[in-house]
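First the proteins, then the strands, lettered A, B, ... as listed; each starts at 1. Since we're looking at a predicted model, the values are computed, not measured.
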2 protein chains.
Amino acid sequence: MPHTYEFPRPALTVDCVVFGFDGAGLQVLLIKRGIEPFLGTWALPGGFVRMEENLEEAARRELEEETSLRDVFLEQLYTFGDPGRDPRGRVVSVAWFALVHPEQHPAKGDTDASEAAWFHISDLPDLAFDHDHILTTALERLRGKIRYQPVGFELLPKRFTLTQLQALYEAILGRPIDKRNFRKKLLAFDFLIPLDEFTGGAHRPARLHRFDRRKYDTLVKKGFLFEL
Amino acid sequence: MPHTYEFPRPALTVDCVVFGFDGAGLQVLLIKRGIEPFLGTWALPGGFVRMEENLEEAARRELEEETSLRDVFLEQLYTFGDPGRDPRGRVVSVAWFALVHPEQHPAKGDTDASEAAWFHISDLPDLAFDHDHILTTALERLRGKIRYQPVGFELLPKRFTLTQLQALYEAILGRPIDKRNFRKKLLAFDFLIPLDEFTGGAHRPARLHRFDRRKYDTLVKKGFLFEL
DNA sequence: CCAAAAGTGTTCTGCGTACACCCATGC
DNA sequence: GCATGGGTGTACGCAGAACACTTTTGG
């Protein structure tokens, strides 16, 4: 074994910040820890990386084990490695950033071992480790990202109304948006497909739309830059 | 020791992608490896993280040890951890992204142990490990970042001409920019301070400017968004 | 006086923004 | 028929883009 191998090694974990949207506000999926340290405290889903899996596989595995979520939008966020961030010793965590459609939201009792629950970002409990810091970083990333990448669609049902889409942008950006301008701009890009389906409910039905990722990707290749 | 500690641990390293600009093109600082594996191959400066230092400290320490660079602009880039990226076994690397002013460029022979050299990004040698992949990721980040953050000034001398600044933007974005529009736009923001100093040389002297970070930060706080 | 780089203004077009009323449905 | 949310068009102002000539210096 070469010299370099004799360095003591930090432990390596992954943690996932899972965002959802309930029509009114942005939510985060947390689990209640079943082991020490921080037993009983809410925390980001995550755990130790295994030797044979890559980092994204580790994040997806932990996410499924702890929240039953699969096939979500997942992107690496940042790696947190300050000594002292874990009372057990040196633990470095590669944090991930996930977006889930409402159809994917796990039902209550869907997770076996640990308890999982959605929290509105304006009403969060105390979190284990430095998870509040990780969460803040993820939020900043989401707010920045939504303005120039079409990530909002990852948080909505596959078929959605323009009002839902607008509410999502308003929730994430934290400011009101003019309805007519919003619609005009988004429909001018032709990656939003109006469907011949409508919502039911107590009032005038709203037309459903879907996001056409293929058309979007085509536009991007032509040098198009999405911006809101 | 709790159960979690019994997991085998990957080794943890940091690697730095150091960008420079020589007036014509973008450059990267590489070191020639003095040890196996990949002995004699060019590689990103970097090395193992020590147990008592955080990740940024590790990156700065390795950078100084291997290239004599200090006090550079440094930002975390991405963490690379595929099994098999290092022939010695499982090694996860937290990659960093650095920008250095020409005044800071290390002179030849400035580095003791290892040989360091600048390479134009259009003329790179074969690299060790997955460092070509890391470098590509860093380049994408730089190209994206320069459009909405004033990182270009980190690559120029403290006092620079507008022509230099334009050449930098053209080199990074890979397209020509209209001189009058470029100047008009940048000078409209008042964070570019014209000095009463000029370049010498064979032709008409050019006025030097400096970037006023304080004014820039003030504007950002007011919700201003830089964009080019 | 010539070569080389610095510096400077105007016009046009398109996009962001502001803004108010009618429509369809369930109850 | 009324309450509720869905859906639509226009006018104005500003900022980006296109574009060519004069100035200053050294050799």
Which atom pairs, donor and acceptor, lie under 3.5 Å between side-chain atoms of residues 200-210 of chain B and protein residues at least two apart or in another chain?
unit_1: B:R207; atom_1: NH1; unit_2: B:L195; atom_2: O; d: 2.7
unit_1: B:R207; atom_1: NH1; unit_2: B:D196; atom_2: OD1; d: 3.3
unit_1: B:H209; atom_1: ND1; unit_2: B:R207; atom_2: O; d: 3.3

In whole angstroms, the gap separating P of D:dT25 from CZ of B:R207 amounts to 12 Å

Rounded to whole Å, CZ of B:F198 lies from P of C:dA4 at a distance of 23 Å

Exercise for review: Report yes if the side chains of B:L26 and B:L139 come closer than 4.5 Å at any heavy-atom pair, otherwise no.
Suggested key: yes

Taking five pairs at each terminus, the helix from C:dC1-D:dG27 to C:dC27-D:dG1 shows an axis bend, to 10°, of 0°

Quiz prompt | Electrostatic pair B:R60-B:E56, nearest N-O below 4.0 angstrom | solution = yes

Might you list the N or O atoms of the protein lying below 3.5 Å from N or O atoms in nucleotides 25-27 of chain C, with each pair's distance?
unit_1: C:dG26; atom_1: O4'; unit_2: A:A202; atom_2: O; d: 2.6

Here the salt bridge (Lys or Arg N to Asp or Glu O under 4.0 Å) pairs for residues 174-192 of chain A, sequence neighbours left out, are none

| Contact check, side chains of B:F182 and B:L165, non-hydrogen atoms, under 4.5 Å | yes

Practice item. Without swapping roles, check the side chain of A:E103 against the backbone of A:K158 for a donor-acceptor pair under 3.5 Å. Key: yes

So B:F129 and B:I134, do their side chains get closer than 4.5 Å, heavy atoms only? no

- Message: Tell me whether A:E115 contacts the main-chain N or O of A:I31 through its side chain, where contact means a donor paired with an acceptor under 3.5 Å.
- Response: no

Under 3.5 Å between N/O atoms: give me all the protein pairs with nucleotides 16-18 of chain D, atom names plus distance.
unit_1: D:dG16; atom_1: OP1; unit_2: B:K185; atom_2: NZ; d: 3.1
unit_1: D:dA17; atom_1: N6; unit_2: B:K184; atom_2: NZ; d: 3.2
unit_1: D:dA18; atom_1: N7; unit_2: B:N181; atom_2: ND2; d: 3.0
unit_1: D:dA18; atom_1: N6; unit_2: B:N181; atom_2: OD1; d: 3.0

On a heavy-atom basis, the closest approach of B:Q76 and B:R141 is O-NH2, 2.7 Å

Here the distance between atom P of C:dA18 and atom CD1 of A:I177, to the nearest Å, is 12 Å

Numerically ordered, the residues 148-165 of chain A set in heavy-atom contact under 4.0 Å with DNA chain D is A:T163

Rounded to whole Å, the CG-P distance (A:L186 to D:dG6) equals 16 Å

**OP:** Considering only NZ, NE, NH1 and NH2 on the basic side and carboxylate oxygens on the acidic side, decide whether B:R61 and B:E57 come within less than 4.0 Å.
**Re:** no

*asked:* With no hydrogens and no angle check, just 3.5 Å: does a side-chain donor-acceptor pair link A:H105 and A:D22?
replied: no

**Study point:** Under-4.0 Å salt bridge between B:E154 and B:R213
**Key:** yes

note: B:R183, atom CZ; D:dA15, atom P; distance rounded to Å ~ 21 Å

When rounded to whole Å, the CD to P distance for the pair A:Q166 and D:dG5 reads 14 Å

In whole angstroms, the gap separating C1' of D:dA15 from CG of B:L228 amounts to 13 Å

In whole angstroms, the gap separating P of C:dA20 from NZ of A:K179 amounts to 13 Å

Heavy-atom nearest pair, B:A24 first then B:A171, reads O-CB, 4.0 Å

